[in-house]
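To start, the structure under review is shown below, and the notes come after it.
Keep in mind the model is a prediction, meaning the values are calculated, not measured. Position 1 is the first residue of the sequence; numbering continues from there.
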Amino acid sequence: MRRRRRSLLPVLILLIPLLLAGGIWLGGHPEVLPGPVRDTLVADTDGRVYEEAIDTLARDYYRDVDRDKLLNTSLEEAVRSLQDRFSHYFAPRDFDDFQEATEGRFEGVGMTVEEVPRGLRVLTVYDGSPAERGGVRPGDVITHVNGRSIAGASSEESTTRIKGPAGSEVRLTVRSNGRTRELKLERAEVEIPVVEGKLVKGVAHVRLAGFTSGAGDEVSGAVKRLLGKGADGVVLDLRDNGGGLLNEAVAVASVFIPDGKIVSTRGRSRPERVYEATGGAIDPDVPVVVLVNDRSASASEIVAGALQDRERAEVVGTRTFGKGVFQEIEPLANGGALDITVGEYFLPSGRNLGGGGPARGAGLQPDVRAEDDAKTPRDEALAVALREVT
């Protein structure tokens, strides 16, 4: 046995440098490795480099830095580099706020907004909210939050700065009619009125603010309640509705479509999935109109497009936003999450309303064009929708 070990020793002495050199070469040329091996080794190396860089900054930078803040900032910048306005990184606190908002409740000031170059334009101010009490009005443009400019920031980033614990204060710089004013608002718990339904000239006018959790059930309840009161048609109002949960879009469409395809999705790492009506639809003889505008996006476009493709409703309004992709939430170990684009959606006819990836596309063209004039108290677009449904 001893003699055999001695004979192996020279071989090992020769092999070790060769193996070391080979390992170094492979490290610099991972493309020659089999796929699974390459993915494992490269991912491990990338992870170590990232951790090493963060640790070095936290340890050696000339002043104290917050390691968690470094982590969050680096992830934000990584997602921002995708140049996809629909993909975001949520830090742990921001992710909590996002989850509350999808449930129809959050702590903030109570308004809906859209992203504009200078910041956020206010679309809706909820009754009794801190925003209403503080003097915020639809059409106002918010340019700064707590003295910090939000020009160029995404709407998700900007609204996250505005939200905060009930009882805390937020300062907004607001421009309207060429004037700038500073507002100090006290945040509160706000419950979003997701669905508003009423009888208008014998027609059920049902307005949906967002596709939050439970929206499908609320729309179904409102529509059936108003039909029970004698409504002879339905106007589903999706104006200014920027979307939300895909399963809620399917549920809302299923209020009007009894069976068959609503939408299909597919992506690079996602196989095709077909979503069909879930049942419980109203009488197919009840006339339906879907009212949209250029801020009707995503889930709103899925519902309006499905009803148009399936010839279940007439679409009234203006061309919709033109978003053809969908996102999924992927939670992370630090309590945050990635909200990233993972695929495209297709209407029953096979149409995609986007412009390829996150690019804005042609959107949905209405069957009847109608637009509200914000300068008048009358809702001109709704008047057209009511006329078309009867």
Side-chain angles (χ1 to χ4, degrees), residues 79 82-90 95 98-99 101-103 154-156 194 208 210-217 219-220 236 238 241-281 290 292 294-313 315 319-332 337-365:
V79 175
L82 300 173
Q83 297 183 330
D84 178 352
R85 64 183 298 181
F86 305 120
S87 292
H88 310 281
Y89 164 70
F90 292 114
F95 185 39
F98 173 80
Q99 289 177 302
T102 60
E103 293 169 0
S154 70
S155 59
E156 284 78 9
V194 177
L208 178 62
F211 289 83
T212 55
S213 181
D217 288 339
V219 169
S220 177
L236 178 63
L238 299 179
N241 185 325
L245 303 175
L246 176 60
N247 62 313
E248 295 298 340
V250 175
V252 170
S254 298
V255 175
F256 309 99
I257 297 175
D259 53 38
K261 183 187 289 190
I262 301 295
V263 67
S264 62
T265 62
R266 61 176 178 268
R268 182 177 62 86
S269 63
R270 300 291 189 275
E272 182 174 14
R273 181 174 178 183
V274 176
Y275 294 82
E276 298 194 343
T278 57
V290 185
V292 296
D294 62 349
R295 291 185 289 272
S296 302
S298 190
S300 290
E301 293 177 294
I302 288 173
V303 171
L307 268 62
Q308 187 182 58
D309 277 4
R310 297 290 303 276
E311 299 183 348
R312 179 62 185 92
V315 177
R319 182 175 68 86
T320 60
F321 181 86
K323 180 184 177 188
V325 292
F326 69 100
Q327 290 68 45
E328 288 184 3
I329 295 289
E330 302 192 20
L332 300 175
L338 292 172
D339 177 18
I340 56 173
T341 300
V342 295
E344 297 176 294
Y345 71 80
F346 301 87
L347 298 176
S349 63
R351 290 186 292 169
N352 178 271
L353 302 180
R360 187 170 180 176
L364 195 67
Q365 295 292 342

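Counting all heavy atoms, side chain and backbone alike, Ser349 lies closest to Asp309 at OG-OD2, 2.6 Å. Minimum interatomic distance between Pro331 and Ala337 (heavy atoms only, all atoms of both residues): CA-CB, 3.9 Å. Scanning both residues, Ser254 and Ala277, for their nearest heavy atoms gives OG-CA, 3.3 Å. Closest of all the heavy-atom pairs between Gly324 and Asn352 is O-ND2, 2.9 Å. For Ser298 against Gly243, the heavy-atom pair with the smallest separation is CB-CA, 4.2 Å. Taking every heavy atom of both residues into account, Ala251 and Gly216 meet most closely at CB-CA, 3.8 Å.
Two residues are said to be in side-chain contact when any heavy atoms from C-beta on lie closer than 4.5 Å; Phe256 and Arg310 fail this criterion. Side chains of Glu330 and Val342 form a contact here, defined as non-hydrogen atoms less than 4.5 Å apart. By the 4.5 Å heavy-atom criterion applied to side chains, Leu236 and Val303 are counted as neighbours.
At least one donor-acceptor pair under 3.5 Å links the side chain of Ser300 to the backbone N or O of Asn241. Under a 3.5 Å cut-off, the side chain of Glu301 and the backbone N or O of Lys323 do form a donor-acceptor pair. Formation of a donor-acceptor pair under 3.5 Å by the Gln308 side chain with backbone atoms of Gln365 is found in this model. Judged by distance alone, with hydrogens and angles left aside, the side-chain atoms of Glu248 form no donor-acceptor pair with the main-chain N or O of Ser213 at under 3.5 Å. In this structure a side-chain-to-backbone donor-acceptor pair under 3.5 Å is present from Ser87 to Thr341.
Atom CD1 of Ile340 is separated from atom CG of Asp84 by 9.0 Å, given to the nearest 0.5 angstrom. If you take CG on Leu364 and CZ on Arg351, they are separated by 5.5 Å, rounding to the nearest 0.5 Å. The distance from atom CZ of Arg319 to atom CG of Asp294, rounded to the nearest 0.5 Å, is 8.0 Å. Taking CG from Leu246 and CD1 from Ile302, the interatomic distance works out to 5.0 Å, rounded to the nearest 0.5 Å. The distance from atom CD of Glu328 to atom CG of Leu338, rounded to the nearest 0.5 Å, is 12.0 Å.
A side chain to side chain contact (heavy atoms under 4.5 Å, CB included) with Phe211 is found for exactly one of Val219, Leu238, Val194, Val250, namely Leu238.
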Query - side chain to side chain contact (heavy atoms under 4.5 Å, CB included) between Phe346 and Glu272, intermediate numbers included - result: CA-CA 10 Å; Phe346 301 87; Glu272 182 174 14; over 6 Å; no
Report task. For Leu353 and Tyr345, run side chain to side chain contact (heavy atoms under 4.5 Å, CB included): C-alpha distance rounded to whole Å, both residues' side-chain angles, the deciding distance at 0.1 Å, then the answer. Result -> CA-CA 8 Å; Leu353 302 180; Tyr345 71 80; 3.8 Å; yes
Query raised in the report: What do the steps show when you test Leu307 against Val315 for side chain to side chain contact (heavy atoms under 4.5 Å, CB included), and what is the final call?
Result: CA-CA 8 Å; Leu307 268 62; Val315 177; 6.0 Å; no
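Ring geometry for Phe90 versus Phe95: interplanar angle under 30°, hence parallel rather than tilted (30 to 60°).
Atom CZ of Arg273 is surrounded by 12 or fewer heavy atoms from other residues, nucleotides or ligands within 6.0 Å.
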